[in-house]
Amino acid sequence: EGPKQFKVNLLYPYFDSKLPDKLPIKKIDNEIIVNSKVFTIPLKEITIEDIGVVIGKPSENSKFLWNTILEKTTKHDNSGSLMSLSKKIKSFSIAPIFKNFITPMYKEKLLTSNYNDNNLNLINEAKNKDVISVLCLDFVPKEFHAFILNYIIRKLSELLNESKIKKKN
């Protein structure tokens, strides 16, 4: 009979300028064995600690800017809201968070509303024991690799602590 063929989900963070038009997919006997999934992250779920992985230790100005953005956005806002909001706050266009995080997130459209169908659903990924999920950072700039990993690890820890996913998967 041979070794079992596991199904695989290749998870690609959405970076608009980097993602190719076609991603891998493999079918055997009309059944998808390897499936590529592009995912986004809800803007409102990002913490200043997540951002600190990109910009280094956040300054008080950066913390203030991010907290203000979180206060002034709703669950319907996305990365498009970042630029207009941060420009309204005086002198923050020179803050490292603006140049190294907000501007790239605005351009790449990774951060979306809480209701976007492409948001990474870690609960579903964890519950599906018949599929191996693989994070693919091939089309993510290196300076954002740790950001994506930090976000996923933090969210998985929260879900474990809230008993929304089982410890043994």
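Here the structure is a predicted model, which means the values were calculated and not measured. Starting from 1, each residue takes its place in the sequence as its number. Below, each value reflects all heavy atoms present in this structure, side chains not excepted, and no hydrogens, waters or symmetry copies.
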Could you go step by step and tell me if E125 and K37 meet the side chain to side chain contact (heavy atoms under 4.5 Å, CB included) rule? CA-CA 11 Å; E125 294 296 328; K37 293 168 114 179; 2.6 Å; yes
Hey, mind stepping through Y12 and F139 against ring-ring contact (aromatic ring centres under 6.0 Å, His included) and telling me if it holds? CA-CA 8 Å; Y12 292 93; F139 308 110; 5.8 Å; yes
Do L110 and F147 pass the side chain to side chain contact (heavy atoms under 4.5 Å, CB included) test, and can you show the C-alpha distance, the side-chain angles, and the key distance before you say yes or no? CA-CA 12 Å; L110 174 66; F147 166 74; 4.0 Å; yes
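L120 and V131 fall into different hydrophobic clusters, where Ile, Leu, Val, Met, Phe, Trp and Tyr are joined by side-chain heavy atoms under 4.5 Å apart, directly or via other members. Both I28 and V134 are part of a single hydrophobic cluster, where members link through side-chain heavy atoms under 4.5 Å apart. Residues I148 and I153 are members of separate hydrophobic clusters, defined by side-chain heavy-atom contacts under 4.5 angstrom among Ile, Leu, Val, Met, Phe, Trp and Tyr.
Taking CD1 from I69 and CG from L82, the interatomic distance works out to 5.5 Å, rounded to the nearest 0.5 Å. Taking CG of L122 as the start and NZ of K155 as the end, the distance is 8.0 Å to the nearest 0.5 Å. Put simply, CG on N67 and CG on L65 are 9.0 Å apart, with the number rounded to the nearest 0.5 Å. The OG atom of S17 sits 3.0 Å away from atom CD of E108, with the distance rounded to the nearest 0.5 Å. Taken from OG in S62 to CZ in F101, the straight-line distance is 11.0 Å, to the nearest 0.5 Å. The CD1 atom of I33 sits 8.0 Å away from atom CG of D29, with the distance rounded to the nearest 0.5 Å.
One N or O on the side chain of N78 and one on the backbone of G80 form a donor-acceptor pair closer than 3.5 Å. Judged by distance alone, with hydrogens and angles left aside, the side-chain atoms of E143 form no donor-acceptor pair with the main-chain N or O of V54 at under 3.5 Å. T103 places a side-chain N or O within donor-acceptor distance of the main-chain N or O of F98, the cut-off being under 3.5 Å. In this structure, the side chain of H76 does not engage the main chain of S113 through any donor-acceptor pair within 3.5 Å.
Residue M105 comes nearest to F144 through the heavy atom pair CE-CE2, 3.5 Å, listed as atom of the first residue, atom of the second, then distance. Of all the heavy atoms in L19 and P13, the pair that sits closest is CD1-O, 4.1 Å. Closest heavy-atom contact between K72 and D77: O-OD2, 4.3 Å. When all heavy atoms of K107 and D16 are compared, the pair lying nearest together is O-CB, 4.0 Å. Considering every non-hydrogen atom in both P58 and K63, the closest pair reads O-CE, 3.7 Å.
T112 pairs with exactly one of N118, N119, D117 by the side-chain hydrogen bond (donor to acceptor under 3.5 Å, both in side chains) rule, that one being N119. Among the candidates N9, L11, N116, N121, the single residue satisfying the side chain to side chain contact (heavy atoms under 4.5 Å, CB included) test with F39 is L11.
At a threshold of 4.0 Å, the pair E158-K164 does not count as salt-bridged, since none of the basic side-chain nitrogens sits closer than that to a carboxylate oxygen.
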Side-chain donor/acceptor pairs under 3.5 Å, residues 41-53, sequence neighbours excluded:
residue: K44; atom: NZ; partner: L70; partner atom: O; Å: 2.4
residue: K44; atom: NZ; partner: T73; partner atom: O; Å: 2.9
residue: K44; atom: NZ; partner: T73; partner atom: OG1; Å: 3.4
residue: E45; atom: OE1; partner: Y151; partner atom: OH; Å: 2.4
residue: T47; atom: OG1; partner: E49; partner atom: N; Å: 3.4
residue: T47; atom: OG1; partner: E49; partner atom: OE1; Å: 3.4
residue: T47; atom: OG1; partner: D50; partner atom: N; Å: 3.1
residue: T47; atom: OG1; partner: D50; partner atom: OD2; Å: 3.2
residue: D50; atom: OD1; partner: N150; partner atom: ND2; Å: 2.7
residue: D50; atom: OD1; partner: R154; partner atom: NE; Å: 3.1
residue: D50; atom: OD2; partner: T47; partner atom: N; Å: 3.0
residue: D50; atom: OD2; partner: R154; partner atom: NE; Å: 3.2
residue: D50; atom: OD2; partner: R154; partner atom: NH2; Å: 2.7

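In this structure, F15 places its CZ atom where more than 12 heavy-atom neighbours from other residues, nucleotides or ligands lie under 6.0 Å away.
Hydrophobic side-chain contacts under 4.5 Å tie I32 into a cluster, directly or through other members, with I25.
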